[in-house]
Amino acid sequence: MKKIVILGSTGSIGRMALDVISRSRDRFSVIGLVAGKNIDLLESQVKTFQPKIVAVAGEGDAQKLRKRLGPRPEVLAGGEGINAVAAYGGADFVLSAMVGFSGLMPTLHAIRAGKAIGLANKETLVIAGTIVMEEAKGHGVVILPVDSEHSAIFQCIEGHDRRYVKRVILTASGGPFMGKTIEELKVVTPEDALKHPKWNMGKKVTIDSATLMNKGLEVIEASHLFGLEADRIDVLVHPQSIVHSMVEFSDGGLLAQISMPDMRGPIAYALSYPQRLENTVPPLELDTIGKLTFYRPDSESFPCLGFAYDALREGGTMPAVLNAANEVMVNAFLKGRISFTQIPVIIKKTMHSHKTQKAAELDAVIEADRWAREKAEEYIKKRNP
Ligand code: MG
């Protein structure tokens with residue numbers, strides 16, 4: 001029986017993970033859950049899965065939960081409470097599925113406690129990839145990617161000598177705005193951006209998909225997970241989202257992992273690795289799909305992908321700045337404070353005004369994150385007095 005902790009259990013990935021687990025209760029037991037503010041859903045998850053320990057963001061919400069649930073499970077609150085659940089003694093496997101920067105410290109705590117990690121929070125590797133991978137190595141911890149592209153690459157690379165890996169090709173659905181010009185993008189609304197054609201995901205990653213920043217963050221994530229420099233990571237737009245990513249080997253051969261687009265696939269793979277579960281995604285009928293197409297990304301309408309390559313090449317604190325500025329911009333766009341096309345403009349300005357600290361320690365990365373949030377906010381205010 002694998003004992004599982006889920007960080008971000010009320011989010012899109014967390015809910016799907018619990019769905020996968022509910023169909024394999026003989027293999028998995030949920031012993032810890034972490035949520036932000038959605039305590040009603042957390043309460044019902046606790047009643048179904050009976051974890052031993054849970055944590056929420058706010059102390060007020062923790063008190064409400066204690067009243068509703070009684071003495072069991074133990075309910076903790078705040079950053080320290082969340083880190084404690086991440087490192088909880090009884091767990092074997094921690095699914096890191098919180099959103100954005102908030103996922104970094106809990107994931108590090110889980111690694112330091114020697115847990116196997118299922119990583120859905122790509123920002124953890126974007127912000128502090130070198131540090132996180134070194135800590136994982138030092139603690140003998142396996143990081144299993146839950147991002148569909150990285151799960152695909154992991155599955156294609158498994159059992160192959162890394163020396164023969166020439167490059168990886170990440171696929172991108174292209175998001176809801178593929179084919180639009182910058183002029184057309186100026187007037188798109190958050191509602192338009194949240195209508196993703198292929199994947200059903202949380203708000204942050206859906207907006208990131210619309211700007212192609214999601215793919216940019218994934219390029220940085222892939223670089224750390226698989227030890228590849230920027231030139232060996234390529235991106236192709238593939239609107240059908242059937243090919244989840246590819247690995248090209250030195251002899252010119254490519255391996256691709258293909259399936260119906262359903263996050264339960266990579267979630268189940270990480271949870272059950274090295275085994276596989278039965279029927280986690282609907283079967284793929286290629287004859288009904290008929291055609292798979294691939295295009296170069298449009299770097300003019302969607303410059304965020306290029307910014308991520310720039311940040312990866314620059315290294316040090318720059319990827320943390322890219323990520324922080326992006327988180328601020330996504331929130332501002334969702335609240336209607338800025339237009340869609342202002343997102344890349346302000347991210348670029350924030351990156352340009354940052355003095356990169358190379359070979360950065362964790363403190364420097366956290367400070368760069370704080371600095372970039374302030375700077376990006378300042379630029380938003382200058383545009384919207
Ligand atoms: Mg992905």
Side-chain angles (χ1 to χ4, degrees), residues 8 11-17 20 95-100 103 107 117-127 129 143-157 168-178 193-226 228 233-247 256-271 280-281 292 294-295 297 302 304-305 307-309 312 319 322-323 326-327 330:
S12 167
I13 296 286
R15 293 196 308 267
M16 278 189 273
V20 169
L95 179 65
S96 166
M98 289 163 64
V99 178
T107 307
I117 305 289
L119 189 70
N121 174 263
K122 65 196 80 181
E123 292 89 346
T124 289
L125 288 182
V126 172
I127 298 161
I143 296 185
L144 293 156
V146 173
D147 216 344
S148 61
E149 295 77 2
H150 305 77
S151 176
I153 293 167
F154 185 91
Q155 293 178 54
C156 294
I157 280 186
V168 298
I169 303 162
L170 300 175
T171 52
S173 71
F177 302 144
M178 199 182 69
L194 289 171
K195 279 182 215 135
H196 195 278
K198 286 287 170 197
W199 297 95
N200 178 14
M201 307 174 291
K203 280 186 186 175
K204 162 75 165 52
V205 62
T206 305
I207 301 299
D208 285 348
S209 295
T211 60
L212 281 197
M213 180 59 95
N214 182 53
K215 212 48 55 180
L217 300 178
E218 288 180 355
V219 166
I220 301 174
E221 181 186 11
S223 153
H224 291 293
L225 276 172
F226 305 110
L228 298 167
I233 307 169
D234 216 340
V235 172
L236 283 179
V237 174
H238 166 49
Q240 296 82 14
S241 296
I242 297 295
V243 175
H244 300 307
S245 277
M246 296 171 259
V247 178
Q257 190 263 332
I258 74 177
S259 68
M260 292 298 282
D262 186 324
M263 281 309 295
R264 285 171 190 84
I267 291 168
Y269 183 83
L271 281 170
T280 45
V281 296
L292 301 176
F294 300 90
Y295 310 91
F302 304 101
C304 287
L305 177 59
F307 300 165
Y309 273 101
L312 175 59
L322 168 91
N323 179 71
N326 181 55
E327 285 190 27
V330 169

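Note that ligands are numbered from 1 as they come in the structure, with each ligand's atoms numbered from 1 the same way. The model shown is predicted, which means the values in this text are computed figures rather than measured ones.
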Exercise. What N/O/S atom of Asp147 gets nearest to the Mg ion (ligand 1)?
Worked result: OD1
Problem set entry | Proximal heteroatom of Glu218 relative to the Mg ion (ligand 1) (N/O/S) | OE2
Problem set entry | Phe302 to Ala210 - nearest heavy-atom pair and separation | CE2-O, 3.3 Å
For this session: Looking only at N, O or S atoms, find the one in Glu149 nearest to the Mg ion (ligand 1) and name it.
Result: OE1
Exercise. Can we say Lys204 and Glu327 salt-bridge, meaning some charged N sits less than 4.0 Å from an Asp/Glu carboxylate O?
Worked result: no
For this session: Using side-chain hydrogen bond (donor to acceptor under 3.5 Å, both in side chains) as the criterion, point out the one residue from Lys122, Gln155, Glu221, Glu218 that pairs with His150.
Result: Glu221
Seminar exercise, completed: Heavy-atom nearest pair, His244 first then Met260, reads NE2-O, 3.7 Å
